[in-house]
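Data first, discussion second: the structure below is written as structure tokens.
We use all heavy atoms of the structure for the numbers below, so side chains are in, but hydrogens, waters and symmetry mates are not. When a ligand or atom number is given, it counts from 1 through the structure's own listing order. Owing to the predicted nature of the structure, the values given are computational and were not obtained by experimental measurement.
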Amino acid sequence: MSLHISAAPVLEPRTLAEALDLRASHPEAMPLAGGTDVMVYLEGGVIDPPRFLNLWGIAELGGLSRTGDALRIGALVTHTDVVRSPDAQALAPALVEACRTVGAVQIQNRGTIGGNVVNASPAGDTLPVLLALDAEFELHSAARGQRRVPAAQFWQGYRRMDLAPDELLVAVHVPAPSPGDRTFFRKVGTRQAQSISKVVLGARVRLDAATGTVTEARIAYGSVAATPVRCPATEAALIGRRRGDLAAAADTVATEIRPIDDVRSTAEYRLAVAVRVLRGWLAAV
Ligand SMILES: Cc1cc2nc3c(=O)[nH]c(=O)nc-3n(C[C@H](O)[C@H](O)[C@H](O)COP(=O)(O)OP(=O)(O)OC[C@H]3O[C@@H](n4cnc5c(N)ncnc54)[C@H](O)[C@@H]3O)c2cc1C
């Protein structure tokens, strides 16, 4: 069956191998997952690709399961699938919270985790959490097989990422938490649903069981730069601090993020909220 969106033809692979072959032979074809970003760009005249590569329904791109010590989330897994997954609730509750805030139910039912990652919006809600959880992205190409890229190295500039023109994102791998891990997600927007983030925070600290001191920290924000960003100085300021004495480290954030003014918010508001939300969580860890 051939499907048409706009005037552009749609390639319809049935397997991952077919999709990768088509990706290599038609690098101009835009991958299409749930289409919740693509349709908006198309409608707004932002994109006009000569053809699409429809990924929807390819079994190898689906599935959410626990494999060994990690969660494997197929690229086509929807936000609703993540929210409803007992494995995701157990191993990655902060990611579940992020998926719960994407758009509203209709968007969550159709929008995929892979689409969120590759759309690479600085305001994408799952991105800071995937950074905080040290997720890895499994990328495949017909010519070179598969490779894994840590989230920390994937987004390289405004909507620019470590993804070759012949590659597809196949899965997201999220390591299982250690017993001492505490994780957090918070989105600050204008309203509860259908709200693009003004500031979005994904965070994780690992506490030593005996001493209650922080041995590892990941602090990541979205909507404050051209890409989702980690805050290494704040993370360093947390290492060695004891539970109950963490909140002051949040002030370091003000030295390492430089949000901008735009239609959704002001730089001043974003910075104040970024510090405040982190401080509030650290005080409660
Ligand atoms: C009304 C509305 C509200 C929204 N609210 C939010 C929100 O609150 N938070 C938020 O983060 N996002 C939001 N979005 C954006 C969007 O829903 C999400 O980014 C969603 O996860 C995109 O997934 P998708 O499957 O629809 O991606 P698509 O639109 O199909 O694709 C997005 C991009 O990723 C590429 N792509 C998709 N899958 C792959 C793959 N496996 N390999 C390689 N490239 C791929 C496509 O080529 C395209 O460039 C909203 C969108 C709408 C329309």
In terms of heavy-atom contacts, does CZ of Arg159 have more than 12 from other residues, nucleotides or ligands at under 6.0 Å?
yes

Output yes when the distance from some N or O of ligand 1 to some N or O of Gly111 is under 3.5 Å, and no in every other case.
no

Distance to 0.1 Å, residue and atom name: give those for the protein heavy atom nearest to atom 47 (O) of ligand 1.
Pro31 O, 2.5 Å

Enumerate the atoms of ligand 1 whose separation from the nearest heavy atom of Ala75 is less than 4.0 angstrom.
41 (N)

Ranking Asp125, Asp37, Val38, Leu127 by closest non-hydrogen atom to atom 19 (O) of ligand 1, top hit is Asp37

Ligand 1 contacted by Thr101 (non-hydrogen, < 4.0 Å)
yes

Any nitrogen or oxygen of Glu167, side chain or backbone, less than 3.5 Å from one on ligand 1?
no

Determine whether any heavy atom of Lys187 lies closer than 4.0 Å to an atom of ligand 1.
yes

Look only at interatomic distance and state if Gly35 has a nitrogen or oxygen under 3.5 Å from any nitrogen or oxygen of ligand 1.
yes

More than 12 foreign heavy atoms under 6.0 Å from CD of Glu43: is that the case here?
no

Judged by modelled atom types alone, do Thr126 and Asn116 share a side-chain donor-acceptor pair under 3.5 Å?
yes

Counting from 1 in the order shown, the ligand 1 atoms closer than 4.0 Å to a non-hydrogen atom of Gly124 are 11 (O)

Is there a donor-acceptor contact under 3.5 Å linking the side chains of Asp208 and Thr213?
no

Considering the heavy atoms of Leu168, write down every atom of ligand 1 situated less than 4.0 Å from one of them.
42 (N), 43 (C)

Is the closest side-chain donor-acceptor distance between Asp125 and Ser197 under 3.5 Å?
yes

Nearest protein heavy atom with distance in Å, relative to atom 13 (C) of ligand 1:
Val102 CG1, 3.8 Å

Can you tell me the protein heavy atom closest to atom 17 (O) of ligand 1 and the distance?
Thr36 OG1, 2.7 Å

For Ile107, is at least one N or O under 3.5 Å away from an N or O on ligand 1?
no

Check: His79 N/O within less than 3.5 Å of ligand 1 N/O:
yes

Cut-off 3.5 Å, side chains only: do Thr234 and Glu256 have a donor facing an acceptor?
yes

Can Glu167 and His140 be counted as having a side-chain donor-acceptor contact under 3.5 angstrom?
no

Close N or O approach (Leu169, ligand 1; < 3.5 Å)
yes

Measuring centre to centre across the rings, with the benzene-like ring taken for any Trp, is Phe185 within less than 6.0 Å of Trp281?
no

Option set Gly103, Ala120, Gly189, criterion heavy-atom distance to atom 8 (O) of ligand 1, minimum:
Gly103

Arg144 atom CZ: more than 12 heavy-atom contacts under 6.0 Å:
yes

Side chains of Ser223 and Val188: does their closest heavy-atom pair fall under 4.5 Å?
no

Within a 6.0 Å radius of atom CZ on Arg242, are there more than 12 heavy atoms belonging to other residues, nucleotides or ligands?
no

For ligand 1, which atoms sit closer than 4.0 Å to a heavy atom of Val40?
53 (C)

Measure the distance from atom 35 (C) of ligand 1 to every protein heavy atom, then report the residue, atom name and distance (to 0.1 Å) of the closest one.
Val118 CG1, 3.6 Å

Closest protein heavy atom to atom 27 (O) of ligand 1, given as residue, atom name and distance to 0.1 Å
Gly115 CA, 3.4 Å

Select the closest option to atom 49 (O) of ligand 1 among Arg23, Met30, His140, judged by heavy-atom distance.
Met30

Counting only heavy atoms not in Arg51, do more than 12 sit closer than 6.0 Å to its CZ atom?
yes

Heavy-atom nearest neighbour in the protein, as seen from atom 12 (N) of ligand 1, with distance rounded to 0.1 Å
Asn116 ND2, 3.7 Å

Enumerate the atoms of ligand 1 whose separation from the nearest heavy atom of Thr112 is less than 4.0 angstrom.
20 (C), 21 (O), 23 (O), 24 (P), 25 (O)

Heavy-atom contact under 4.0 Å between Ile196 and ligand 1?
no

Among Ala104, Ala33, Gly34, closest by heavy atom to atom 38 (N) of ligand 1 is Ala33

Among all the protein's non-hydrogen atoms, which is closest to atom 1 (C) of ligand 1, and how far away is it?
Gln194 OE1, 3.4 Å

Between Leu168 and Pro31, is there a side-chain heavy-atom distance shorter than 4.5 Å?
yes

Ligand 1 and Thr126, any nitrogen or oxygen pair closer than 3.5 angstrom?
no

Does a side-chain heavy-atom distance below 4.5 Å link Pro13 with Leu53?
yes

Could you find the nearest protein heavy atom to atom 39 (C) of ligand 1 and give me its residue, atom name and distance?
Leu55 CD1, 3.9 Å

Strictly by modelled atom types, are Asp48 and Tyr41 linked by a side-chain donor-acceptor pair under 3.5 Å?
no

Compare all side-chain heavy atoms of Tyr269 with those of Lys198 and state whether any distance is below 4.5 angstrom.
yes

